[in-house]
Amino acid sequence: GGPAGEGLDKLHPGESFDPLGLADDPDTFAELKVKEIKNGRLAMFSMFGFYVQAIVTGKGPVQNWQEHIADPWNVNGFTEVFATKFTPSNIK
């Protein structure tokens, strides 16, 4: 053989991974690509929420969730944002 990767698609050099054959139909494949992009964007937005929550409360998402489950009426997004005295100098 020649150089490694010769004759392969430059965008997807390892070929596509589709063991279930979900991409056999071009229309379904186009729909699945859009769904994957939307799923990735939702995941990035969720991580942004975790970062903001950690900055505002100074705690991680699991600890915030545990405190909310223990007392949902007094520990929620509304009370945490508006009831805390958040200043950027509190960031460590």
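Starting from 1, each residue takes its place in the sequence as its number.
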For this session: Could you tell me which residues satisfy salt bridge (Lys or Arg N to Asp or Glu O under 4.0 Å) with K38, sequence neighbours excluded, listed by chain and number?
Result: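 Applying salt bridge (Lys or Arg N to Asp or Glu O under 4.0 Å) to K38 gives none.
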For this session: Measure the spacing between CG of N39 and CG of L32 and express it to the nearest 0.5 Å.
Result: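 CG of L32 is found 11.5 Å from CG of N39.
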Exercise. Atom CG of L42 and atom CD1 of I37: how far apart are they, to the nearest 0.5 Å?
Worked result: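 The distance works out to 14.0 Å.
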For this session: Give me the other members of the hydrophobic cluster that W65 sits in, counting Ile, Leu, Val, Met, Phe, Trp and Tyr linked by side-chain heavy atoms under 4.5 Å, directly or via other members.
Result: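 Joined to W65, directly or through intermediates: I69.
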